[in-house]
**Q** 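Okay, handing you the structure first.
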Amino acid sequence: MPLQVYSTLSRKKEPFPRKPGEPVGMYVCGPTVYKPAHIGHMVGPVIFDTVKRYLAYLGYKVTWVVNITDVDDKLIARAGELKTTVPELAERMTADYLDCLKKLNVTGVDHFPKATAHIPQMVEMIGKLVETGFAYPAGGDVYFDVAKDPDYGKLCNRDPEQLEAGSRIEVSDRKHNPGDFALWKGAKPGEPAEVQFDSPWGKGRPGWHIECSAMAKAILGDTLDIHGGGLDLTFPHHENELAQSESANGVPFARVWMHNGLLKLGKDKMAGSVGNVVNVADALPHMTGDAIRFFILQTHYRSPIEMGNWSEDKTGRRLPLPDNMLAAKTAFGTFEEFARRVGRVLGTPFAGVKPPGAGSAARTMAMRYVKFQQRFNEHLDDDFNTGGAVGVLFELVTALNKLADAGKLEDPDKAQPEVRAEFADGAAVVREMCDLLGLKLEPPKTIFADAAGSAGGRSVAGGAGQPLDSQAIISGLMQLLIDLRGNLRDQAKGAAKDNPLKKGLFDQTDLIRKRLAVLGVTLEDRPGGTTGRAG
RNA sequence: GGCCCGGUCGCCAAGUGGUAAGGCAACGGUUUGCAAAACCGUCACCCCCGGUUCGAAUCCGGGCCGGGCCUCCA
């Protein structure tokens, strides 16, 4: 079954309109940079990053654009509250946004065009719409004339009359019809100079929708292959973009319209007005970017994501994150644990495992674990069903854990080489699936394992003049405790059953483990030796 | 009021005609000096009522309930 994608325009799944090897232009509406990004803002980027990864895997040459809205009413208001300028606020919030994307491993965006850097392109498009009669200037503003566009309403599937009937905005004297929307907003008295730009209609700034039309055209051309964004943008934003672009360019604006579902917390959409916002920065101390990404990808992108309730602990204090995010964190631990196991068994970190690759058919077809890969791909072929794909990943990991248990792969004395080779093949498939989902599965930064391998005790031993490296000291002390405990444990295990010292020695080993657990360090005794990890 | 989505185990969530993936939680085991991790087992008549069909969670009709949008929204 070739790739199928649901398009909002046709309201059904369609064969993807491009062939592997062809270029694909993808435009996704980005943020208005006036507040720190919350988890909901990450849903689209994570989804479309995954879409791009899979399309690239299938051989498409994807160019992905995400716009940054850095001039608008909310920015002006917020900058005023903070006693700062719009450019300063926009720059700071853009940096925050980009940092959040990085933390969630959203790496596929090729261009982040800023609205303020594309005013001439917007003016040009507005000018063309005025010339051709689709738009009219009025008192310093310019409006798009909805009545001139017979297709208006086709994306959100509504008649223009319905839209007008429900319109809650006051009808401006300047508009011909209530449904008309601003392409250009004339500067109002008292607005800071930094948000006033020159145009043939006087000083002012662009309307919200025109930036996407103009920047999409500038970078990707008149027709996009994929236009994406949150479900709540369908109307008016995308409907208006579509109307402007098709009126100005005379060709279809986008082949496929993809809209992602919204995040819900309990009964409510997560939104500032409801007061239940979880900023990315609030979540990251409690959950890795990987785990947040996994949380988003567990659900099909068109469904709303349930964050569940927000439970309290025994003392009535609210937990740091909503229930379902914490459940996702726990679930994701299965993969993190598996990645560590891969490191132990193969001697290389999971990140270093080579995926089999889409092209290596001869080798992959012979592999026992390819059927998992096929089922995984079938899910993604079906409108990027990441939830189903994640289920397959769990099944594969369980199968490989079983294999590792049966083959005693963690016991240096008993490990069977042929089983180990099979495990390595399976791990390569897991690596590929994780790459497609954008899950890095990097080993957590253990406070001692890192240091032990790198700087180690060297900076401590550096002596006079060398600043003491506290990480290195902690690392060394931790290793010392592990070694000491190991010796005690060996003695205890070696002691005869009736030896009264036996229990006492074990008590000491347990004391060390419990005390370290309090510090957040988990010690695990395995056939190959004791390992420790933070968390 | 209009348009559009949904209702699948305590919670989350795949499944769109062939007899219910997966995860979290729970319980019982295996393993372990004890743990941790892992593995095994137990745990769903798919909101209700009709209809179509050899066969329906899936299709059709009618209810009930929830959500999104109807010019700030990712």
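A, B, ... follow the sequence lines: proteins, then strands. Residue 1 opens every chain.
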**Q** From C-beta outward on A:Ala331, which listed nucleotide comes closest to its side chain: B:C39, B:C24, B:A14?
**A** B:C24
**Q** Tell me whether the side-chain N/O atoms of A:Thr334 come closer than 4.0 Å to OP1 or OP2 in B:C24.
**A** yes
**Q** Would you say a side-chain N or O of A:Asn157 is under 4.0 Å from OP1 or OP2 of B:C4?
**A** yes
**Q** Under 4.0 Å, heavy atoms only, any strand: does A:His237 hit a base, just the sugar-phosphate, or nothing?
**A** nothing
**Q** Would you measure the distance from the C1' atom in B:C46 across to the matching atom in B:U19 and give it in whole Å?
**A** 12 Å
**Q** Closest to the A:Asp405 side chain: B:C39, B:C3, B:A37?
**A** B:C39
**Q** Side chain of A:Leu263 only, heavy atoms from C-beta on: which candidate in B:C4, B:G22, B:A74 is closest?
**A** B:A74
**Q** To the side chain of A:Thr398, which of B:C39, B:A74, B:G2 is closest?
**A** B:C39
**Q** Measuring to OP1 and OP2 of B:A14, would you say a side-chain N or O of A:Asn385 lies under 4.0 angstrom away?
**A** no
**Q** Map A:Val390 and A:Asn260 onto RNA chain B by nearest heavy atom, then report which one ends up closer to the 5' terminus.
**A** A:Val390
**Q** Given B:C24, B:C12, B:G15, which nucleotide is nearest the side-chain atoms of A:Asp382?
**A** B:G15
**Q** Nearest to the side chain of A:Glu395, heavy atoms from C-beta on, is which of B:A21, B:A74, B:A38?
**A** B:A21
**Q** For A:Gly44, which contact category applies under a 4.0 Å heavy-atom criterion: base, sugar-phosphate, or nothing?
**A** nothing
**Q** Checking the side chain of A:Tyr369 only, and the main-chain atoms of A:Glu422 only, is there a donor and an acceptor separated by less than 3.5 Å?
**A** no
**Q** Map A:Asp72 and A:His379 onto RNA chain B by nearest heavy atom, then report which one ends up closer to the 5' terminus.
**A** A:His379
**Q** Looking only at side-chain atoms of A:Asn401, point me to the closest of B:A74, B:C24, B:C39.
**A** B:C39
**Q** Taking only the side-chain heavy atoms of A:Asn324 (C-beta and beyond), determine which of B:C4, B:C11, B:G67 contains the nearest atom.
**A** B:C11
**Q** Among B:A36, B:A14, B:C69, find the nucleotide with the atom closest to the side chain of A:Thr522.
**A** B:A36
**Q** I need the full list of side-chain hydrogen bond (donor to acceptor under 3.5 Å, both in side chains) pairs touching residues 491-500 of chain A, with sequence neighbours left out, sorted by first then second residue.
**A** none
**Q** Mind checking if A:Gly391 touches a base, just sugar-phosphate, or nothing, with heavy atoms under 4.0 Å?
**A** base
**Q** Nucleotide by nucleotide, 5' to 3', does protein get under 4.0 Å of the base (B), only the sugar-phosphate (S), or neither (-) in nucleotides 25-35 of chain B, counting heavy atoms?
**A** S-------BBB
